[in-house]
Amino acid sequence: MFSRIAGTGSYLPEKILTNADLEKLVDTNDEWIRTRTGISRRHVVVPGETTTDLAERAARKALEAAGVEPGDVDLICVGTTTPDLVFPNVGTLLQRRLGIHGCAAFSLEAACAGFLYALGVADKFVRLGDAKCALVIGADTLTRIVDWTDRSTCVLFADGAGAVVLQPAKEPGIISTHLHADGKYKDLLLYPDGVSLGFDLMRAGKAGVRMKGNEVYKVAVNTLGQLVTKTLAANGVSQSDLDWLIPHQANIRIIEAIAKRLEMPMEKVIVTIGDHGNTSAASVPLALDTGVRDGRVKRGQLLLLEAFGGGFTWGSALLRY
Ligand code: UT7
């Protein structure tokens with residue numbers, strides 16, 4: 001038994017923040033942001049708009065694309081690091097929105113690798129026969145925890161959600177997933193406060209995403225380079241067999257480095273970062289849905305998905321769409 005993606009969906013908040021808008025907030029400029037990151041604009045939530053709001057819109061589109069009803073869903077697995085509430089989890093809040101009851105619904109935290117982690121977990125549920133219609137989501141509202149006075153991070157992050165429906169299949173589908181983490185890198189990329197720390201920094205207005213960008217960059221390129229090679233080797237697949245690379249959208253230069261490692265021309269890479277920045281766990285399913293809906297990604301094609309985030313956490317999936 002394998003799992004296959006039966007449908008995809010995504011959603012971006014309506015409000016757009018351009019590089020010119022950011023020039024009014026911090027000492028930055030459009031040229032620096034575009035050349036160093038590839039980002040031109042990003043979508044951000046407005047007050048009252050939550051991760052579950054974005055996840056619901058993406059989920060409904062994925063369900064529609066898969067031709068299934070909310071009532072068919074028997075597993076909800078959400079990758080997010082920016083939940084609406086401490087609990088109930090976003091999966092459960094989404095289940096309520098969809099008007100369904102009883103199936104397992106949970107969120108997992110793996111920062112920007114959240115969707116790959118969710119996909120890896122849900123794939124195993126389906127393969128084992130424990131789910132027949134899994135809703136797998138990556139959704140984040142990182143702009144809620146960004147320090148808007150820190151130019152080195154606030155120009156990067158944005159909000160969004162992406163979703164896929166997984167169903168059982170006799171042929172893959174998802175060929176393999178590869179999930180990894182190394183907590184020794186905690187201090188290179190983190191939000192330094194939380195529930196059991198008492199939110200003291202946040203209350204004092206001293207929290208906010210912190211990143212040693214340069215160091216993260218080097219580890220990301222190196223780690224993702226090894227990951228994509230390992231993913232192909234594990235399946236005896238050659239890089240020339242790949243139809244599409246669907247990477248995490250953190251920095252166009254990282255994406256180009258991984259494409260180069262795979263000897264893939266940029267025409268075979270789905271790049272969305274220019275329009276929506278780094279949407280964390282939403283990034284990969286957003287790019288996938290973009291490629292599917294604009295007709296580039298077609299049924300039967302071989303896709304390589306990869307992501308890297310705080311922790312560090314990283315993961316990949318090789319799949320036939
Ligand atoms: O998704 C999770 C994983 N995240 C990532 O993979 C992100 C990895 N890191 C990166 O993408 C890049 O390191 C950044 C985009 C964050 C930064 O790019 P960089 O080329 O590594 O720049 P830098 O940090 O080395 O900074 C270069 C210069 C510095 O000025 P000096 O010291 O050379 O005078 C910064 O102060 O750019 C300056 N700078 C800015 N200038 C204008 C930093 N941020 C900005 C800004 N606007 N927004």
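Ligands are counted one by one from 1 in listed order, and the atoms in each one are counted from 1 as well.
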Scan side-chain atoms only and decide if [X] and [Y] contain a donor-acceptor pair under the 3.5 Å cut-off.
| X | Y | answer |
| --- | --- | --- |
| Arg42 | Asn19 | yes |
| Thr143 | Asp159 | yes |
| His178 | Ser316 | no |

Atom of Met266, atom of Val271 and distance for their closest heavy-atom approach: CE-CG2, 3.8 Å
With the threshold set strictly below 4.0 angstrom, can you tell me whether any protein non-hydrogen atom sits that near [atom]?
| atom | result |
| --- | --- |
| atom 32 (O) of ligand 1 | no |
| atom 37 (O) of ligand 1 | yes |
| atom 6 (O) of ligand 1 | yes |
| atom 15 (C) of ligand 1 | yes |
| atom 47 (N) of ligand 1 | yes |

In terms of atom number and element, which parts of ligand 1 are under 4.0 angstrom from non-hydrogen atoms of [X]?
| X | value |
| --- | --- |
| Phe308 | 1 (O), 2 (C), 3 (C) |
| Asn251 | 10 (C), 11 (O), 12 (C), 15 (C) |
| Arg36 | 19 (P), 20 (O), 22 (O), 27 (C) |
| His248 | 1 (O), 2 (C) |
| Ala250 | 1 (O), 5 (C), 6 (O) |
| Thr37 | 15 (C) |
| Val216 | 3 (C), 4 (N), 5 (C), 6 (O), 8 (C) |
| Val155 | 48 (N) |

Would Arg299 pass as a cation-pi partner of Tyr321, given that its NZ or CZ must be under 6.0 Å from the six-membered ring centre and within 45 degrees of the axis? yes
Should the ring pair Phe312 and Tyr185 be called parallel, tilted or perpendicular, given that the plane angle runs from 0 to 90° and is split at 30 and 60?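 Correct class here is parallel.
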Could you go through the side chain to side chain contact (heavy atoms under 4.5 Å, CB included) check for Gln301 and Arg320 one step at a time? CA-CA 5 Å; Gln301 289 187 326; Arg320 205 160 277 289; 5.8 Å; no
Of the side chain and backbone of [X], name the one, both, or neither that has a heavy atom under 4.0 Å from an atom of ligand 1.
| X | value |
| --- | --- |
| Asn278 | side chain |
| Ile254 | side chain |
| Tyr217 | both |
| Thr28 | both |

Residues [X], [Y]: salt bridge by 4.0 Å N-O rule:
| X | Y | result |
| --- | --- | --- |
| Asp123 | Arg127 | yes |
| Lys132 | Asp74 | no |
| Asp275 | Arg41 | yes |

So which heavy atom in the protein is nearest [atom], and how far is it from that ligand atom?
| atom | result |
| --- | --- |
| atom 30 (O) of ligand 1 | Arg151 NH2, 4.3 Å |
| atom 9 (N) of ligand 1 | Gly213 O, 3.0 Å |
| atom 28 (C) of ligand 1 | Trp32 NE1, 4.2 Å |
| atom 21 (O) of ligand 1 | Asn214 ND2, 3.6 Å |

Identify which one of Thr80, Asn278, Thr279 satisfies the side-chain hydrogen bond (donor to acceptor under 3.5 Å, both in side chains) criterion when paired with Asp140. Thr80
Applying the side-chain hydrogen bond (donor to acceptor under 3.5 Å, both in side chains) test to Glu56, which of Lys61, Arg96, Arg97 qualifies? Arg97
Side-chain heavy atoms of Tyr217 within contact of Asn251, under 4.5 Å: yes
Considering distance alone, does some N or O of Arg253 sit under 3.5 Å from an N or O of ligand 1?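 Yes, at least one N or O pair falls under 3.5 Å.
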When you compare ligand 1 with Cys112, is there at least one nitrogen or oxygen pair between them that comes in under 3.5 angstrom? no
Are the side chain of Asp72 and the backbone N or O of Glu69 linked by a donor-acceptor pair below 3.5 Å?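 Between the backbone of Glu69 and the side chain of Asp72 there is a qualifying donor-acceptor contact (under 3.5 Å).
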